[in-house]
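Shown next, in structure tokens, is the structure this report addresses.
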Amino acid sequence: HASGNTVEVDRAVLALDLALAGVDVAVVSGGDAGVFGMAAAVFEAAETDPGRYAAVPVHVVPGITAAHAASAVAGAVLGADHALISLSDRLKPWDVVLQRLSAAVRADLAVALYNPRSRSRPEQLGLALDAVRALAPPERIVVVARHVGRPDEHVQVTTLGEIDPQTVDMGCLVVIGASRTRRTATGRVWTPRSVD
């Protein structure tokens with residue numbers, strides 16, 4: 001039962017109904033189902049009728065998040081404290097997205113940005129980067145990881161001052177480094193675990 005990105009709860013309700021009917025059900029989600037994935041949608045769907053779905057056991061099997069896969073391909077950009085933030089404002093207001101992003105940058109965390117730029121939200125990555133630029137210098141390291149784990153995987157290491165939002169789409173994950181994030185002589189990116 002394939003579905004798109006805007007009907008997760010409908011898909012979860014179908015899965016719960018099939019489970020109630022005695023069918024063994026697995027809800028498959030890319031990355032880690034518990035991180036911007038289908039696990040939360042299943043719990044959300046179960047809350048729509050708790051009396052009905054109380055008997056359906058939900059087991060979440062962890063996977064590798066897109067952020068952590070991208071970090072590994074780049075080096076260890078999320079090697080210290082970090083935050084994962086979705087730039088989608090479909091389920092939360094845009095001002096909340098910017099507030100959370102700004103708080104993470106002020107806290108000097110490396111920040112992985114999910115859902116960076118889509119056809120229906122072409123300007124939000126640029127706006128988010130502007131918010132970060134108000135708090136961090138232009139030489140801050142930024143990693144753009146495209147199609148991680150796929151044959152056409154590509155990682156670009158750039159900076160806050162040089163990143164071009166127009167080159168980013170939904171196949172990408174953008175990681176903004178912390179102030180301590182650095183690049184090795186071979187181009188790998190990592191964030192030290194210690195604070196100097």
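All values derive from a computational prediction rather than experimental measurement. Both backbone and side-chain heavy atoms feed into the values below; hydrogens, waters and symmetry mates do not.
- The environment of Asp81 atom CG is sparse: at most 12 non-hydrogen atoms of other residues, nucleotides or ligands sit within 6.0 angstrom.
- Judged by distance alone, the side chains of Arg146 and Gln156 never bring a donor and an acceptor atom under 3.5 Å apart.
- Put simply, CE on Met170 and CZ on Arg119 are 9.5 Å apart, with the number rounded to the nearest 0.5 Å.
- Panel note: side chain Ser102, backbone Gln99; no donor-acceptor pair is recorded below 3.5 Å.
- Counting only heavy atoms from C-beta outward, the side chains of Arg183 and Arg188 never approach each other to under 4.5 Å.
- In the hydrophobic clustering of this structure, Val27 does not group with Val61; members are Ile, Leu, Val, Met, Phe, Trp, Tyr whose side-chain heavy atoms approach within less than 4.5 Å, directly or through other members.
- Checking side-chain atoms of Tyr114 against main-chain N and O of Ala67 turns up a donor-acceptor pair under 3.5 Å.
- Leu87 pairs with exactly one of Val97, Leu127, Val174 by the side chain to side chain contact (heavy atoms under 4.5 Å, CB included) rule, that one being Val97.
- Going from atom OH of Tyr53 over to atom CG of Asp17 covers 3.5 Å, rounded to the nearest 0.5 Å.
- Cluster membership for Ile163 and Val155, using ILVMFWY side-chain heavy atoms within less than 4.5 angstrom, is not shared.
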### Task
List the steps and the verdict of salt bridge (Lys or Arg N to Asp or Glu O under 4.0 Å) for Arg140 and Glu162.
CA-CA 10 Å; Arg140 180 71 54 94; Glu162 295 177 353; over 6 Å; no

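- How far OG of Ser194 is from CZ of Arg180: 7.0 Å, rounded to the nearest 0.5 Å.
- For the residue pair His68 and Ser71, no side-chain donor N or O sits within less than 3.5 Å of a side-chain acceptor on the partner.
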### Message
Evaluate Thr181 against Val189 for side-chain contact (heavy atoms from CB on, under 4.5 Å), listing each step before the verdict.
### Response
CA-CA 7 Å; Thr181 302; Val189 178; 3.5 Å; yes

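- Arg121 places a side-chain N or O within 3.5 Å of a backbone atom of Asn115 that can act as its donor or acceptor partner.
- Hydrophobic clustering, with ILVMFWY side chains joined whenever heavy atoms are under 4.5 angstrom apart, groups Leu125 together with Leu98.
- Here OG1 of Thr159 is found 9.0 Å from CD1 of Ile141. Values are rounded to the nearest 0.5 Å.
- The main-chain N or O of Trp190 is never found under 3.5 Å from a side-chain atom of Arg182 such that the two would form a donor-acceptor pair.
- Heavy atoms of other residues, nucleotides or ligands lying less than 6.0 angstrom from CD of Glu139 number more than 12.
- The shortest side-chain heavy-atom distance between Gln166 and Arg117 falls under the 4.5 Å cut-off.
- Side chains of Leu78 and Val175 form a contact here, defined as non-hydrogen atoms less than 4.5 Å apart.
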### Message
What verdict does the side-chain contact (heavy atoms from CB on, under 4.5 Å) test give for Leu129 and Ile176, after you've listed the backbone C-alpha separation in whole Å, the side-chain angles of each residue and the deciding distance to 0.1 Å?
### Response
CA-CA 9 Å; Leu129 292 171; Ile176 300 167; 4.2 Å; yes

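- Distance CD/Gln124 to OG/Ser88: 7.0 Å, rounded to 0.5 Å.
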### Query
Glu8 and Val42: side-chain contact (heavy atoms from CB on, under 4.5 Å), yes or no, with the steps?
CA-CA 8 Å; Glu8 294 92 351; Val42 171; over 6 Å; no

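- Placement of Val96 and Trp94 in two distinct hydrophobic clusters is found when ILVMFWY residues are connected by side-chain heavy-atom separations under 4.5 Å, directly or transitively.
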### Message
For a side chain to side chain donor-acceptor pair (under 3.5 Å) check, start with the C-alpha distance between Thr184 and Thr186, then their side-chain angles and the critical distance, and finish with the verdict.
### Response
CA-CA 5 Å; Thr184 69; Thr186 59; 3.0 Å; yes

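- Looking only at distances, a side-chain donor or acceptor of Asp108 sits under 3.5 Å from a matching main-chain atom of Ser179.
- Connection of Val35 to Ile64 is not established within any shared hydrophobic cluster, with ILVMFWY side chains joined at heavy-atom distances below 4.5 Å, either directly or through further cluster members.
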### Task
Evaluate side-chain contact (heavy atoms from CB on, under 4.5 Å) for Leu84 paired with Phe36, printing each intermediate quantity in order.
CA-CA 9 Å; Leu84 311 180; Phe36 300 124; 4.1 Å; yes

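- Side chains of Leu113 and Leu173 form no contact here, defined as non-hydrogen atoms less than 4.5 Å apart.
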